[in-house]
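Dumping the structure here so I can ask a few things about it.
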Amino acid sequence: MGKPAATDRLCLRSLSHSFTLDFVMGCELEADARKLMAVLPKRFARFGLRIHPTKTALMAFRKPEAPQGAATGNGTFDFLGLTHYWTQSRRGFWVIKRRTARKRLCRTKQSLWRWCRTNRHAPLKDQYQRLCQKLRGHFQYFGLRGNMRMLEEVRRYAEKAWQYWLSRRSSKSPICWEKFQKLLQTYALPTPRIVHNI
């Protein structure tokens, strides 16, 4: 029988959530979190692995003790392109929600803008198919409960960027917004939807 796991020595409950090489661990007591932070580098070293010093952090992420209607949260953190934060449910319970991180949202918008500019002279059908692929991929990854507003923002931005760069294909026949709306009846972009109910 091997040595007990690091979590076996903790005083209260702990949780861990892993995404391939990235992971988050949560502890109820700060002392337990500090023990984990001391033990993990040694455990990783036994397998020839290292913990990245700048990407590893110990942070307070407690359920707020505030009364109903007060400002939310005791901190937020970004992990894998999502901002994790505390908020109140409709029934008044504190819950952890996730939304697209601001940096990731800006990067997605910039990427869509550059792609529409670069491919504006490609056939319309090809542009439409590729743009749909990009949006579906984004909705698949970020389609979390509570993130619908951010998904809709990306879709609206894709429409805006596509219309802008289609209008610049030719100086003789720019596509105004009304004409673009008719075009969207034939080439409708995918609608955002919630894929992950966590």
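Owing to the predicted nature of the structure, the values given are computational and were not obtained by experimental measurement. Any value given below was found using the heavy atoms of this structure, including those in side chains, with hydrogens, waters and symmetry copies removed. Throughout, numbering of the chain's residues begins at 1 and tracks the sequence.
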Roughly how far, to the nearest 0.5 Å, is the CG atom of Leu131 from the CD atom of Gln129?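 Gln129 atom CD to Leu131 atom CG measures 11.0 Å (nearest 0.5 Å).
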May I ask you to decide whether Glu178 forms a salt bridge with Lys182, counting only side-chain N to carboxylate O separations under 4.0 Å?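 No, no charged N to carboxylate O under 4.0 Å.
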Would Val24 end up clustered with Trp86 when hydrophobic side chains under 4.5 Å apart are linked, directly or stepwise?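 Yes, one cluster joins them.
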Would a hydrophobic clustering, with Ile, Leu, Val, Met, Phe, Trp and Tyr connected at side-chain separations under 4.5 Å, put Met59 with Phe79?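 Met59 and Phe79: one cluster.
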Answer yes or no for Arg99 and Tyr85: cation-pi contact, defined as NZ/CZ to six-membered ring centre under 6.0 Å and angle to ring axis within 45°.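 Yes, Arg99 sits over the ring of Tyr85.
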Side chains of Phe93 and Gln88, heavy atoms from C-beta outward: is any pair under 4.5 Å?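 The answer is no, as the side chains (C-beta and beyond) never meet within the 4.5 Å cut-off.
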What distance do Gln110 atom CD and Leu105 atom CG have between them, rounded to the nearest 0.5 Å?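 Answer rounded to 0.5 Å: 10.0 Å.
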Determine whether Asp78 and Lys103 make a side-chain contact, defined as any pair of heavy atoms from C-beta on separated by less than 4.5 Å.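 Of all side-chain heavy-atom pairs linking Lys103 with Asp78, none is under 4.5 Å.
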Heavy-atom distance under 4.5 Å between the side chains of Val154 and Pro192, does that happen here?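 No, too far: nothing below the 4.5 Å cut-off.
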Nearest-0.5 Å distance that lies between atom CZ in Arg98 and atom CD1 in Ile96: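 So the gap between those two atoms works out to 6.5 Å.
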Is the backbone N or O of Phe142 less than 3.5 Å from a side-chain atom of Asn147, with the two atoms forming a donor-acceptor pair by type?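 It does hold such a pair.
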Within a radius of less than 6.0 Å around NZ of Lys160, do more than 12 heavy atoms belonging to other residues, nucleotides or ligands occur?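 No, the 6.0 Å shell around NZ holds no more than 12 heavy atoms from other groups.
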From Lys35 atom NZ to Met37 atom CE, the distance as rounded to the nearest 0.5 Å: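 Going from the NZ atom of Lys35 to the CE atom of Met37 covers 15.0 Å.
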Checking the side chain of Asp126 only, and the main-chain atoms of Ala122 only, is there a donor and an acceptor separated by less than 3.5 Å?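 Side chain of Asp126 to backbone of Ala122: no pair is present.
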Do the side chains of Leu151 and Arg193 get nearer than 4.5 Å, heavy atoms only?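 Of all side-chain heavy-atom pairs linking Leu151 with Arg193, none is under 4.5 Å.
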Going by the angle between their ring planes, with limits at 30° and 60°, are His84 and Phe77 parallel, tilted or perpendicular?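 Aromatic pair His84/Phe77 classed parallel.
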Start with the C-alpha distance between Ile51 and Leu40, add both sets of side-chain angles, then the distance that settles side chain to side chain contact (heavy atoms under 4.5 Å, CB included), and finish with yes or no. CA-CA 8 Å; Ile51 292 179; Leu40 276 179; 3.7 Å; yes
Could you state whether Leu58 and Val39 fall into the same hydrophobic cluster, counting links through intermediate Ile, Leu, Val, Met, Phe, Trp or Tyr residues with side-chain heavy atoms under 4.5 angstrom apart?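 No, no single cluster joins them.
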Take atom CZ of Arg168 as the centre, draw a 6.0 Å sphere, and report whether it contains more than 12 heavy atoms from other residues, nucleotides or ligands.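 Correct, the count exceeds 12.
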Separation of Trp165 CH2 from Thr118 OG1 (nearest 0.5 Å):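 Reported to 0.5 Å precision, the distance equals 8.5 Å.
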Is the closest side-chain heavy-atom distance between Leu183 and Gln185 below 4.5 Å?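 No, side chains not in contact.
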Nearest 0.5 Å, what's the CG-CD1 distance between Leu166 and Ile175?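 If we round to the nearest 0.5 Å, Leu166:CG and Ile175:CD1 are 4.5 Å apart.
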I want to check something: taking the side chain as every heavy atom from C-beta on, are Thr108 and His138 in contact at a cut-off of under 4.5 Å?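 They are in side-chain contact.
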Looking at Glu159 and Arg155, is there a salt bridge between them, counting it only when a charged N and a carboxylate O are closer than 4.0 Å?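 A salt bridge is present here (some side-chain N lies under 4.0 Å from a carboxylate O).
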What is the ring orientation for Trp162 with Phe180, classed by angle as parallel under 30°, tilted 30 to 60°, or perpendicular over 60°?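 Ring orientation of Trp162 relative to Phe180: perpendicular.
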Heavy atoms, side chains only, cut-off 4.5 Å: are Glu153 and Lys109 in contact?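 Yes; the side chains approach each other to less than 4.5 Å.
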Side-chain donor/acceptor of Ser167 to backbone N/O of Gln163, under 3.5 Å: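 Yes, because the side chain of Ser167 sits within donor-acceptor range (under 3.5 Å) of the backbone of Gln163.
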Hey, does the side chain of Tyr128 reach the backbone of Ala188 with a donor-acceptor pair shorter than 3.5 angstrom?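 Judged by distance alone, yes, a pair lies under 3.5 Å.
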Donor-acceptor contact below 3.5 Å, side chain Arg169 vs main chain Arg120: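 Checked: pair present.
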Do Arg130 and Trp115 come close enough that some side-chain heavy atom pair is under 4.5 Å?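 Yes. Closest side-chain heavy atoms under 4.5 Å.
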Shared ILVMFWY cluster between Tyr141 and Leu144, side chains joined below 4.5 angstrom?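 Yes: a chain of side-chain contacts under 4.5 Å links Tyr141 to Leu144.
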When you measure from the side chain of Gln127 to the backbone of Asn119, do you find a donor-acceptor pair of N or O atoms at a distance under 3.5 Å?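 Confirmed, Gln127 side chain pairs with Asn119 backbone.
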Verdict with reasoning, Arg34 to Glu30, per salt bridge (Lys or Arg N to Asp or Glu O under 4.0 Å): CA-CA 6 Å; Arg34 293 199 180 281; Glu30 185 179 345; 2.9 Å; yes
If hydrophobic clusters are built by linking Ile, Leu, Val, Met, Phe, Trp and Tyr wherever their side-chain heavy atoms come under 4.5 Å apart, do Leu80 and Phe61 end up in the same one?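 Leu80 clusters together with Phe61.
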